[in-house]
Amino acid sequence: MTTQLVWFKRDLRVTDHMPLRRASQLGPVLCLYVYEDDLLAGEDAHACHVTFVNESLAVLREELKQHGGRLVIRRGRMPDVLDELHEETRFGTIWAHEETGNGLSYARDRRVRAWAKRKGVIFHEFFQNGVVRPLKRRDGWSRHWNERMTAPLAKPPRPIEAVDAPGCGILAPAELGVAGEPRIGAQPGGSHEAQSLLRSFLYERGRHYRKEMSSPVTAWDSCSRLSPHLAYGTISMRAIATALRERQAELRDMAKPPTGWLASLKSYEGRLHWHCHFMQKLEDEPRLEFENMARSYDGMREEEFDPARFDAWCAGQTGFPMVDACMRALEETGWINFRMRAMLMSFASYHLWLHWRPTALHLARLFVDYEPGVHYSQAQMQSGVTGINATRMYSPAKQVLDQDPEGRFLRTWLPELAGVPTEHLAEPHRMTRSEQEAADCRIGVDYPAPIVDHKAAVGQARRRISAIRSTESARAEAEQIFLRHGSRKRTARASSPKAAKTRTRSKRE
C-alpha cells in the first residue's frame, strides 16, 4: 500500500482532523511537522510562537502514539524536506489543511503544490474553519460558515500504521535561531489545554463574557482564551462551535437558565463568525499583509514615521497609562483583550501617526495568538485605511475611566503609578507638583509626560483621514472594496461606505 503523508501545520491536534482520518483509512501514514526556516526567519516570528508550538507538538506526539502513529519532526525549507522524504519513503499522497497565513506561508504553499504536480504526488487540502477557498463573491458567505460549523466533526483516525523516518525532535527557539525570549506569563499550548479552556469557559468562566470582555481587569478570566489554540489548531473552530451549540441547548432546556449565560454565549458565537470573516479578507487578497486595503490612502503616513514615537509605544513609555500598561502586559503574557488591542493600534495610527505595517509587525511578535488573517485586517481597520469602516479614535484616558476605574490593571503593570490617587490615574500628568511628590511619581522623571496632546493629535488625524475619505476617487474605491470585503450580515445601508464615511467615535470610545 502507498504511504500517505499527513502534513501538520497550524492544525496540531488529532480530534476533528479530516486529513489524518482520510489518510489512516488508506495505508501507512507518515505524520510530519516541519520547522520551516523561511517562516522562522520572518519579520513576524518570535520565540513565544515557537514555545507554544513546541508545547503543542509534545501533546500531539503523545496523542498520535495512542492511535499507533509517530510524529516525524524535521527542519528545513519546503518543499526540500518533501524531496528528501519522498526519496526515503516514496509517499504517494499529501494530506493537509488549508492555511490562511502570512506571505511566506502563501509562497510556500504555492511551491509545494508545484512540487507535487511535478512529482506526480496527489495533494489533498481540507478546510478547517469558515474561510472559503476560492470565494468569488461575499454574498452567501455566512451560509457557507454556518454549513461548515454545523457539519459533524471528523471521526477519529483509524489505527495508524506508522511509517518510520528519522527526525530532529522538538527544538528550542534558540536552537532554531528565532529572536526573542519566551513570555513568562504566556498560556501553555496543547490540545488538552484547549479542551480544558473550552469547558471552563462554557460552564464556569463565560457567564459574564458579554459585559466583562472589554475590560483588561475582567477579560483575563471571562474571555475564552482559546485564541492561541485556534491560531495553531490545537482545537478546531468547528469543535468549539459544536460544544457551544450543545451548551446553548442545555441552557435553553432549563426552566430558568442562570442570568447572563445565553446572552454571553450568543455574543461569543458572533465572535467566532467575526474571526473567520476577517481571515477571509486576507485569503481573498494576500497583499493586505503589506498594502493598504484602500489604495487611496497610500502615502498618507509612509513619509512621516517617527522612530522615537514608535520606540516609546513599543516600550510602554508614552505617558498614556492605559496604552503603557497594555504594552507591558503584552510583553510578559503575550495576550490582551480585543478592545485594548484596538486601542493600541488606534493610538499608534492616529495619536502617533505611525504607519500600520511596523506597528502590526511589533504586535504580531508580542501576540502568542498571532493569526495573520485577523491581525492584518484588524490593523488596517483600526488605522482607517480600509475605506469602508467607521473611524474609531480611542481616548486612552476614557478607557481607564470606563474599563479600569479603580486602577487595578494599571497598578499591576505600572508600578511607578502605585501611589497615584485613583482620581488621577487616567491622566497623572495633571497632578500638581505637590501631588506628584506626595504620590512619589514625578512626571517626566518617574513616569513620562504624554508624548502627544490627545485633543490636538486626534483632531489632526480626523482632518487628514476625512480629507481623503471625502474625495470622489476614495468613495468610488470604497464601493468596490465593500463589494469584495464588506460584511453582508447587516443591511447594505448600515454597512456601506456611504453610511460609514462620516462616522467617528473618538468622543465615545
Side-chain angles (χ1 to χ4, degrees), residues 1-14 16-42 53 56-57 60-61 63-65 67-129 131-135 154-169 171 232-233 236 283 286 372:
M1 298 176 71
T2 304
T3 295
Q4 312 293 311
L5 187 146
V6 177
W7 177 21
F8 288 90
K9 296 182 286 183
R10 284 177 170 250
D11 53 352
L12 305 179
R13 64 181 185 275
V14 169
D16 194 32
H17 199 293
M18 186 60 76
L20 181 61
R21 167 68 181 178
R22 291 286 183 86
S24 70
Q25 294 174 307
L26 297 174
V29 178
L30 172 61
C31 297
L32 174 69
Y33 180 83
V34 181
Y35 289 115
E36 300 180 59
D37 290 331
D38 289 2
L39 274 62
L40 295 173
V53 165
S56 302
L57 288 174
L60 175 62
R61 184 169 56 188
E63 289 183 322
L64 286 170
K65 279 184 182 180
H67 293 275
R70 177 176 181 267
L71 181 63
V72 175
I73 302 175
R74 290 207 173 179
R75 177 184 180 182
R77 185 175 186 269
M78 296 291 272
D80 298 344
V81 173
L82 295 179
D83 244 342
E84 296 168 0
L85 282 169
H86 194 251
E87 287 293 321
E88 298 168 21
T89 66
R90 292 297 171 186
F91 61 84
T93 306
I94 300 172
W95 302 84
H97 276 118
E98 296 173 348
E99 180 179 339
T100 303
N102 62 12
L104 294 170
S105 69
Y106 179 75
R108 180 273 318 274
D109 285 349
R110 295 183 67 178
R111 293 196 305 269
V112 169
R113 291 189 197 100
W115 177 90
K117 184 176 181 180
R118 188 169 63 251
K119 290 287 187 177
V121 172
I122 300 170
F123 188 14
H124 290 299
E125 290 183 283
F126 295 81
F127 70 84
Q128 66 167 337
N129 49 40
V131 176
V132 179
R133 176 191 294 179
L135 183 67
K155 294 180 179 179
R158 291 193 174 178
I160 297 170
E161 181 184 345
V163 174
D164 192 28
C168 64
L171 301 177
Y232 292 99
S236 71
E283 175 67 33

K.L.:
Got a second to check how far K65's NZ is from C31's SG, nearest 0.5 Å?
P.N.:
13.0 Å
K.L.:
If you count every heavy atom of other residues, nucleotides or ligands that lies below 6.0 Å from R110 atom CZ, does the total exceed 12?
P.N.:
no
K.L.:
Over all heavy atoms of both residues, which pair between A162 and G68 is shortest? Give the atoms and the distance, please.
P.N.:
CB-O, 3.4 Å
K.L.:
Do the non-hydrogen side-chain atoms of K9 and D109 ever get within less than 4.5 Å of each other?
P.N.:
yes
K.L.:
Side-chain contact, heavy-atom cut-off 4.5 Å: Y33 with V53?
P.N.:
yes
K.L.:
Run the side chain to side chain contact (heavy atoms under 4.5 Å, CB included) check on R22 and T93 step by step: do they pass?
P.N.:
CA-CA 11 Å; R22 291 286 183 86; T93 306; over 6 Å; no
K.L.:
Is there a donor-acceptor pair closer than 3.5 Å between any side-chain N or O of Y106 and the backbone N or O of P286?
P.N.:
no
K.L.:
Would a distance-only check, ignoring hydrogens and angles, find a side-chain to backbone donor-acceptor pair under 3.5 Å from Q4 to T2?
P.N.:
yes
K.L.:
Would you say R74's side chain and G167's backbone share a donor-acceptor pair under 3.5 angstrom?
P.N.:
no
K.L.:
Under 30°, 30 to 60°, or over 60°: which ring-plane class applies to H97 and F126, parallel, tilted or perpendicular?
P.N.:
perpendicular
K.L.:
Of the non-hydrogen atoms in A116 and F123, which two are nearest, and what is the gap between them?
P.N.:
CB-CB, 4.1 Å
K.L.:
State, to 0.1 Å, how close P157 and V14 come at their nearest heavy-atom pair, and which atoms those are.
P.N.:
CD-CG1, 3.7 Å
K.L.:
Would F8 and H17 satisfy side chain to side chain contact (heavy atoms under 4.5 Å, CB included), going step by step from the backbone distance to the final call?
P.N.:
CA-CA 10 Å; F8 288 90; H17 199 293; 3.3 Å; yes
K.L.:
On a heavy-atom basis, which atom in P166 and which in V72 lie closest, and how many Å separate them?
P.N.:
O-CG1, 3.5 Å
K.L.:
I'd like to check W95 versus V29 (side-chain heavy atoms, cut-off strictly below 4.5 Å). Are they in contact?
P.N.:
no
K.L.:
Of the non-hydrogen atoms in V163 and P28, which two are nearest, and what is the gap between them?
P.N.:
CG2-CB, 3.6 Å
K.L.:
What I'd like to find out is whether the side chain of H124 reaches to under 4.5 Å of the side chain of P19, using heavy atoms alone.
P.N.:
no
K.L.:
Do side-chain atoms of T3 reach the backbone of F91 as a donor and acceptor pair under 3.5 angstrom?
P.N.:
no
K.L.:
Say whether, by atom type as modelled, one donor and one acceptor occur between the side chain of R158 and the main chain of L26 under 3.5 angstrom.
P.N.:
no
K.L.:
Under a 4.5 Å cut-off applied to non-hydrogen side-chain atoms, are L20 and L64 in contact?
P.N.:
yes
K.L.:
Does D38 pair with R77 as a salt bridge, N-O distance under 4.0 Å?
P.N.:
yes
K.L.:
Any ion pair linking E36 and R111 (charged N to carboxylate O, less than 4.0 Å)?
P.N.:
no
K.L.:
Could you give the distance from CG (L57) to OH (Y232), rounded to the nearest 0.5 Å?
P.N.:
11.0 Å
K.L.:
Any side-chain heavy atom of K119 sitting closer than 4.5 Å to one from L82?
P.N.:
no
K.L.:
What verdict does the side chain to side chain contact (heavy atoms under 4.5 Å, CB included) test give for V132 and F127, after you've listed the backbone C-alpha separation in whole Å, the side-chain angles of each residue and the deciding distance to 0.1 Å?
P.N.:
CA-CA 8 Å; V132 179; F127 70 84; over 6 Å; no
K.L.:
What distance separates E125 CD from R113 CZ, expressed to the nearest 0.5 Å?
P.N.:
4.5 Å
K.L.:
Distance from I160 atom CD1 to R70 atom CZ, nearest 0.5 Å?
P.N.:
13.0 Å
K.L.:
OG/S105 to CD/E99 distance, rounded to the nearest 0.5 angstrom?
P.N.:
4.5 Å
K.L.:
Between atom CZ of R90 and atom CG of L30, what is the distance when rounded to the nearest 0.5 Å?
P.N.:
14.0 Å
K.L.:
For side chain to side chain contact (heavy atoms under 4.5 Å, CB included), just list the numbers for L39 and R108, CA-CA rounded to whole Å, side-chain angles, deciding distance to a tenth of an Å, and then say yes or no.
P.N.:
CA-CA 9 Å; L39 274 62; R108 180 273 318 274; 4.2 Å; yes
K.L.:
Going by heavy atoms in the side chains, are R10 and P372 under 4.5 Å from each other?
P.N.:
yes
K.L.:
Less than 4.5 Å apart, any side-chain heavy atom of S236 and any of R13?
P.N.:
yes
